[in-house]
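For reference, the structure discussed in these notes is given below.
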Amino acid sequence: MPKGFLKRLLGPGKDPGLAEIIAWSIDQVEPRLRQAGGFPQRYADVVSHAWAYCRDLAARMPGPMEVSPLAFARDPSVHALFASPESIVQALVKSRAVRDWHLDPGNGLEAFALMGVRLREKAVLGMEDHNGMLCRDVAQKAVYFSDHTFSNLGNTLANTQALLARQFLASLLGRVKEKLEALRQHRHHLERERDELRARLRSTPGNAVHEANLKQTLAALSDAVAALDLRSYANHFDAVLRHPERYLSLRGLSLSLDAMGILRQDAGDAQARPLNLYEMACRDRRHWIVMLVHCRLDELPPYQERLATEERWLAI
């Protein structure tokens with residue numbers, strides 16, 4: 001269907017890019033909806049609502065924070081999120097997204113990206129000063145970060161935010177697909193149950209219990225089939241896209257750590273350094289600490305050499 005035709009159907013005053021977003025959203029879930037009744041008007045409002053939420057969420061993403069070996073010594077947040085300058089190099093080199101970016105000759109030696117990390121806690125024994133007395137073997141909690149990932153790389157911050165907004169919308173559409181798949185599994189279960197009950201009735205005709213169960217199963221199956229009718233798909237879009245905050249959100253997280261990464265319960269502790277982070281709740285049941293970062297690849301001399309070494313190992 002031509003884009004111009006979609007724009008005319010949506011009417012004047014709409015976001016000129018909305019037609020493309022609607023068509024893309026439909027294709028992510030079920031391309032056959034293009035031929036079903038109500039496309040694209042039926043989806044315009046709900047997709048527009050979710051798309052606005054996703055763009056706002058991308059714009060509110062914290063950062064950008066510079067991620068480089070030099071920044072490790074300058075920025076306490078970088079120092080807290082990485083174990084050493086070398087670990088920054090390793091995280092960037094291990095990232096497939098960064099590798100692909102670097103191998104593309106059209107890209108430069110710096111990029112904006114979304115960085116995700118997992119927050120870990122570990123019980124340790126350490127030393128603490130209590131009223132001028134040094135106490136040993138004090139139970140403490142060490143905080144560190146692992147599984148550094150980089151995604152949605154772009155030449156500019158705006159470019160990365162645009163990629164993020166599209167990724168967020170894709171995540172919401174993934175929720176719609178999950179709900180539809182759950183309905184399909186439920187329908188298959190009811191179909192098997194129907195067949196089993198009919199088989200039992202053939203062997204025991206007139207069994208009142210089996211007849212009642214079959215009637216109940218057939219009614220449930222009818223509802224399941226109706227819910228999976230293409231004309232009902234818009235309702236499933238509504239269930240998720242009208243309430244995107246239920247499936248995709250940012251939550252502030254404040255920690256007080258000392259220089260060694262030990263959690264300090266008292267924010268007024270002289271050794272405590274505040275670390276303000278944001279945790280993202282999404283389809284991944286594991287919550288990730290996320291932020292926008294600026295990667296200076298020209299400050300990573302070992303990068304090209306390590307990349308060549310990895311490629312040689314892959315070739316072997």
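Throughout, residue positions are numbered sequentially from 1 according to the sequence presented.
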- prompt: What's the verdict on side-chain contact (heavy atoms from CB on, under 4.5 Å) for Leu292 and Phe112, showing C-alpha distance, side-chain angles and the deciding distance?
  reply: CA-CA 7 Å; Leu292 292 168; Phe112 292 89; over 6 Å; no
message: For Leu157 and His294: C-alpha separation, side-chain torsions, deciding distance, then whether side-chain contact (heavy atoms from CB on, under 4.5 Å) applies.
response: CA-CA 8 Å; Leu157 179 60; His294 181 214; over 6 Å; no
message: One pair to check against side-chain contact (heavy atoms from CB on, under 4.5 Å): Val290 and Met61. What are the steps and the verdict?
response: CA-CA 8 Å; Val290 293; Met61 191 66 59; 3.6 Å; yes
side-chain contact (heavy atoms from CB on, under 4.5 Å) assessment of Arg96 paired with Asp100: CA-CA 6 Å; Arg96 182 182 298 274; Asp100 292 344; 3.8 Å; yes
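Taken to the nearest 0.5 Å, the CG atom of Leu172 stands 9.0 Å off from the OH atom of Tyr247. Atoms CG and CZ, from Leu125 and Arg136 in turn, are 12.5 Å apart once rounded to the nearest 0.5 Å. Separation of atoms CG (Leu275) and OG (Ser256) is listed at 9.0 Å; rounding is to 0.5 Å. If you take CD on Glu181 and NZ on Lys177, they are separated by 9.5 Å, rounding to the nearest 0.5 Å. Rounding to the nearest 0.5 Å places CD1 of Ile26 at 5.0 Å from CG of Leu33. For the atom pair CH2 of Trp288 and SG of Cys282, the computed distance is 9.5 Å after rounding to the nearest 0.5 Å.
Of the possible polar contacts, one joining the His148 side chain to the Leu81 backbone as a donor-acceptor pair under 3.5 Å is found. Listed for the Ser87 side chain is a donor-acceptor partner under 3.5 Å among the backbone atoms of Ser84. Proximity of a side-chain donor or acceptor of Asn107 to a complementary backbone N or O of Trp101 within less than 3.5 Å is detected. Although no hydrogens or angles enter the test, the distance criterion places no donor-acceptor pair under 3.5 Å between the side chain of Thr217 and the main chain of Glu193.
Ion pairing between Asp238 and Arg42 holds under the 4.0 Å rule for side-chain N and carboxylate O. Salt-bridge annotation for Glu191 and Arg194: absent, with no side-chain N of the basic residue lying under 4.0 Å from a carboxylate O of the acidic one.
When the shell of 6.0 Å around CD of Gln216 is examined, it contains 12 or fewer heavy atoms from other residues, nucleotides or ligands. The number of heavy atoms from other shown groups lying within 6.0 Å of CZ (Arg32) does not exceed 12. Within 6.0 Å of CZ on Arg60 lie more than 12 heavy atoms contributed by other residues, nucleotides or ligands. Residue Arg166 qualifies as enclosed at atom CZ: its count of foreign heavy atoms under 6.0 Å is above 12. Dense packing is recorded around CZ of Arg118, with more than 12 heavy atoms of other residues, nucleotides or ligands lying under 6.0 Å away.
Residues Arg273 and Asp258 are not in side-chain contact: their nearest non-hydrogen atoms beyond the backbone lie 4.5 Å or more apart. Using a 4.5 Å heavy-atom threshold, the side chains of Asp27 and Arg34 count as touching. Ser77 has its side chain out of reach of Met291: every pair of non-hydrogen atoms, C-beta onward, lies at least 4.5 Å apart. Contact annotation: the side chain of Val124 approaches that of Ile262 to within less than 4.5 Å [non-hydrogen atoms, C-beta and beyond]. Between Leu109 and His102, the closest side-chain pair of non-hydrogen atoms falls below 4.5 Å. With a 4.5 Å cut-off on side-chain heavy atoms, Leu230 and Glu30 count as touching. The shortest distance between side-chain heavy atoms of Ile22 and Phe39 falls below 4.5 Å. Lys215 places none of its side-chain heavy atoms less than 4.5 Å from the side chain of Glu211.
Under the 4.5 Å side-chain heavy-atom criterion for grouping Ile, Leu, Val, Met, Phe, Trp and Tyr, Met65 is connected to Val143 within one hydrophobic cluster. No path of Ile, Leu, Val, Met, Phe, Trp and Tyr side chains, each step under 4.5 Å between heavy atoms, connects Met260 with Val138, placing them in separate hydrophobic clusters. In this structure, Leu169 is a member of the same hydrophobic cluster as Leu180, with clusters built from ILVMFWY side-chain heavy atoms closer than 4.5 Å. Under the 4.5 Å side-chain heavy-atom criterion for ILVMFWY residues, no single connected hydrophobic cluster contains both Val225 and Leu183. Residues Leu163 and Trp24 are members of separate hydrophobic clusters, defined by side-chain heavy-atom contacts under 4.5 angstrom among Ile, Leu, Val, Met, Phe, Trp and Tyr.
Residue pairs meeting the ring pair (Phe, Tyr, Trp, His ring centres under 6.0 Å) criterion with at least one member in residues 195-244, sequence neighbours excluded, are Tyr43-Phe237.
Checking Ser68 against Arg296 by side-chain atom types alone, no donor-acceptor pair falls below 3.5 Å.
With side-chain heavy atoms closer than 4.5 Å counting as contact, directly or through intermediates, the hydrophobic cluster containing Leu197 also holds Leu201, Leu214, Leu218.
Shortest non-hydrogen contact noted between Val47 and Leu241 is CG2-CD1, 4.1 Å. Closest of all the heavy-atom pairs between Gly154 and Thr160 is N-OG1, 3.1 Å. Heavy-atom minimum distance, Tyr53 versus Leu248: OH-O, 2.5 Å. Pairing each heavy atom of Pro69 with each of Val89, the nearest pair is CG-CG2, 3.9 Å. Here the shortest heavy-atom pairing between Asn159 and Leu153 reads OD1-O, 4.2 Å. Between Asn155 and Gly108, the shortest heavy-atom distance links the atoms OD1-N, 4.3 Å.
Here the options are Tyr144, Phe72, Phe145, the test is ring-ring contact (aromatic ring centres under 6.0 Å, His included), and the partner is His79; only Phe72 passes.
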